[in-house]
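I have placed the structure first, in the form of structure tokens, so that the comments after it can refer back to it.
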Amino acid sequence: MKVTILENGPAIIEAEGNLEILSPVPPANEFTKKVAICRCGRSQNGVWCDGSHSKKKEENKTQE
């Protein structure tokens, strides 16, 4: 298993085989080799990253 922490982004968890997901809110595909875990707390998809961290960056750029 490999875990990659992206700067200003999610934690990416990858496995050689399928990951067993034990969560009340499954990711889009329960049978996957790679998932993205939200670290910003803005995701509307529970613990799974939905790209909200990118939206925050865009909002900050328009305010400058």
### Task
Check whether any side-chain N or O of Arg42 sits under 3.5 Å from a backbone N or O of His53 as a donor-acceptor pair, and report yes or no.
no
### Message
Between Asp50 and Ser52, is there a side-chain donor-acceptor contact under 3.5 Å, judged purely by atom types and distance?
### Response
yes
### Query
Taking the side chain as C-beta and beyond, is there a heavy-atom pair between Leu6 and Asn8 under 4.5 Å?
no
### Query
If you round to the nearest 0.5 Å, how far is CD of Glu16 from NZ of Lys2?
11.5 Å
### Query
In chain order, what residues pass the side-chain contact (heavy atoms from CB on, under 4.5 Å) check against Ile37, with sequence neighbours excluded?
Ala11, Ile13, Val35, Trp48
### Message
How long is the straight-line distance from NZ of Lys34 back to OG1 of Thr4, given to the nearest 0.5 Å?
### Response
8.0 Å
### Task
Not counting sequence neighbours, which residues clear side-chain contact (heavy atoms from CB on, under 4.5 Å) with Ala15? List them please.
Leu19
#### Entry: From CA spacing to verdict: side-chain contact (heavy atoms from CB on, under 4.5 Å), Arg39, Ile5
CA-CA 9 Å; Arg39 295 189 317 127; Ile5 307 296; 3.3 Å; yes
